[in-house]
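Contents: one structure, followed by commentary.
Letters A, B, ... are given to chains in the order of the sequence lines, protein chains preceding strands, and every chain is numbered from 1.
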Amino acid sequence: MTDTLHLIAHVGGCGVMFNTDRVASVVELDRAVPAPGAGPAVIGLAAMRSRVATVLDVRQLLGVPPRPVGDGAIGHAVATMVDGHLYAIAVDMLEDVEAVEIAPRPPGMGGASDAAWDFVSGVAERGQETLLALDIDRLVARAGAIE
Amino acid sequence: MDDLLQEFIAETRETLEALSGEIVGWEADPRDRARLDAIFRFVHTIKGSCGFLDLPRLARLSHAAEDTLASVRSGERMPDAALVNAILAIIDRIGEIVEAIDADAAVPEDGEEALIAALENGTPVEAVPIVDVAPSVPANGDRRAASGPRAGTRSVRLSVDLLDRMMSGVSDMVLARNQLGRHLRQIDDPRLEAMLERLSISVDDLRDIVTRTRMQRVEGLFSALPRLVRDAAHAAGKTVNLVVEGGDVELDREMIELLRDPLAHMVRNAIDHGIEARADRILSGKPGAGELRVVARQAGNLIIIEIADDGRGVDVGALVAKMALAQPSRIAALPAMDEDEMLALVFEPGLSSRDDVTTLSGRGVGMDVVRSNVEQIGGRIALSNRPGQGLTVTLEVPLTLAILNAVLVQVAGTRFAIPRQSVDEIVQVGQGGTRIDRVGGHGAVAMLRGERLSMVSLPEVIGMAHGAASPRYLAVVSLRQGRFALAIDAVDDTQELVVKPAAPPVMRAGIYAGQMLPDDGVPVLLLDCAGIAQRAGLVFETVREQVAETAVAQGVPALLFDDVDGARRMIVSDAVDRIERIEPGAIRAVAGGLWLTVEGRSVPVWNAQNVRADTIAKVLRLQLDGQELAYPIAEPIEILPLPEEIAPAPADAGGGAVAGLVVIAGEPIELIDPLMLFTDVPVASERPLCLLHGSHSAWMETFLKPAIEQSGYRVVRTLPPGERAAVALAIEEEADTAPCPAIRLSRTRGQPLYRYDRAALVAALKEHRA
């Protein structure tokens, strides 16, 4: 695989990468307006200038405990367009944009539920850490489908 | 017409440009079906447009080309080089004429016959093979040289996407302006404020202008009507004059597209079913030609489109007979229907007042589809039937799809929006006889002026824990299926906001219709009231349907009671709101009838048995469709399932309100017909109009409306056309100018009918009605 520019971030302590082609912007969000009734991955809605973004918490997908429920500020988020809708994926921190060589996803990831990890498109080594390259379309679809 | 012509020119020019490649390709391969189709569509469109633009030359040319191309398409003729050349020559000539019309120049007509003839016999004419080769026809070359470059166009075609981006850019600006404004106000510098004010005004102007780019004149919708009417009238063998008014009213262009089919359907209906054949019209003293008026006008942020014909109107009797035939189970409900409700049957699937399916209407798209289409875009449809005189269909649609008038409310600590059009009213719990009764484990019923409404608590519907025991406000939400009360904590305000679809993970909740961004920059979700009702598992049944079922269904619960005349009778439980013990003096004989005073209101007491007011100890409180009635009884006994068999009863039994006889434990028992009770109560069944007259009508509406309505009147500030007010209210000197007898309100305390004296007003109204 060739090197592509990726945005490196951490979600719930887990190192992840987003292909910069799919990142609309990186934002700092205050609190979100809750959307009761929507799935647990939906933190709520936040305005980014005159546009409304659906703020997603993808920690549960990555196998880490979800963000505590509360109305604290969201902090950093990665904004992206999927099917004409604007989403903001909450992250703990944003590190860098780097050209990364992505290796294929090792088989058997996530144990028996391998198919449920289809939003991980590959992995990369950085320092002492393994980073997961996230497929934004599948990530958003999976997050939206959490019951 | 000028606009239409401009549009036609722009469109033709554009298609010609796009077509030039196709033409070259077709010339190279005359058997290319796709290209042939494209060219055929082009001449077909031209022909259609020329018809009502009155361009006979273009019409003749395009008609000839269309005929020839049609025969090629059907395989009757083979496209040889001569034929291709002839077609191309005609398309060239169309282009020239269009340019000439735009430049207001003349194109000599010579050779046009030859061009058309060339199509027929395939004689080669001296023709141009390709559009873009200009100097082929000498006359043409001269003209172009003389008229110089094309006349400047007055319109530009833009992609919708660009307009949407412009709109969102302006929205950004509005938000930034609001934020800036909030900060600047804290600084308190008059110069800055003045500058902000200027900026603010120009931003608002810009927003208005950009909003208008979404708008299109209704003319675009009406332009197809002349042809449609002509064809429909022709097929039905009728003569119809079309009158179109208000084509310059502007409407969201998406809305125009969505209205196209419903409008066409109703126009066809009017010609097909409404307007009579010429002979019939003359026999009934009408002009031989029918008239169809299609009128658009703007009223606030609604566009009203009226389709009025002067035909025979809807035969309500035939409609009802048809319903009785199709759905015998509903016959029982018929006597209770008023004229409007019977008329509304035309909106039901599978019912049409005409039996025969004609070539035009009756193609499976009924008024039910029209109505659901109109309601889908947030509109309403209403009928006004004048039997023998015609039918007027009125469509009311919002100005744009995207902007919605929303009520912002607080529920469970979060702000939500509810579409203004689906909220009937918002009431404070505990005021005006509004209370909430808990039913069973989690159900709740709101009582609102005698009407029972299911109460829905949003946090409960979505499974959120909700601390507050009782909501402070209820929003009465009206859906097509029925009404319910939505519990809310607070009402913020109403705003006109742009609605955008919410993302799928949010929509999945099933209770949202979209998202909005008010000027404060905090997003708000728009509630989908129908979705909420569904999630809450509400089942809407109108009272009438329940009563109708009693005749056919088994096991409908009914109350057995001892009546005041000693007889034992039954009444369907659903009609009974509650059984109430009467305090002495609560029932009085006033104005020729008995009245029960309860919760500050007067409820008529049914008294066909002529009992004395002071002997009544218990009543059944009945309610039907917002009307109330008290039925005096001696003692309630028990609730039993109503037997299936109901024998007819003599007409005068039980004061004329007995629907039939049932047998309970071997004894015949009279069954009371609640509908009949209500028709016997003059006050409850017909509510006369009370006109608030003069310059103080707004004040009266605010302060006096509740009292007047409780006295059995409908309140209006202006008389609807064709209606008469039974009484008017006016302040002192204005009483003489009222169009009907007026009750004079005094400004001075102590005078008869001082305007704040509620009791005196109620008495005066009651007296007047008696």
### Message
Is Ala176(B) close to chain A through its backbone or its side chain, or both, or neither, when contacts mean heavy atoms under 4.5 Å?
### Response
neither
### Message
Are more than 12 heavy atoms, taken from residues, nucleotides or ligands other than Gln410(B), located less than 6.0 Å from that residue's CD atom?
### Response
yes
### Query
For Ala47(A) and Pro523(B), which heavy atoms make the closest approach, and how far apart are they?
N-CG, 3.6 Å
### Task
Heavy atoms only: give me the nearest Tyr87(A)-Ala503(B) pair and the separation to one decimal.
OH-CB, 3.4 Å
### Summary
So, the part of Ala143(A) with a heavy atom under 4.5 Å from chain B: the answer is neither
### Message
Tell me whether Asp83(A) at atom CG has more than 12 heavy atoms from other residues, nucleotides or ligands lying less than 6.0 Å away.
### Response
no
## Note on the structure
Turns out that what part of Ile146(A) lies under 4.5 Å from chain B's heavy atoms comes down to backbone
### Query
For the residue pair Pro36(A) and Phe416(B), what are the closest heavy atoms and their distance?
CG-CZ, 3.6 Å
### Most contacts with chain A, counted as non-hydrogen pairs under 4.5 angstrom, among Pro504(B), Gly521(B), Gly510(B)
Pro504(B)
## Note on the structure
Shortest non-hydrogen pair, Ala509(B) vs Ala38(A), comes out as CB-N, 3.6 Å
### Query
Looking at Pro34(A), Gly39(A), Ala53(A), which has the largest count of heavy-atom pairs under 4.5 Å with chain B?
Pro34(A)
### Query
Using non-hydrogen atoms only, which part of Val42(A) is less than 4.5 Å away from chain B: side chain, backbone, both, or neither?
side chain
### Val522(B): which of Leu45(A), Asp30(A), Val52(A), Val33(A) passes side chain to side chain contact (heavy atoms under 4.5 Å, CB included)
Val33(A)
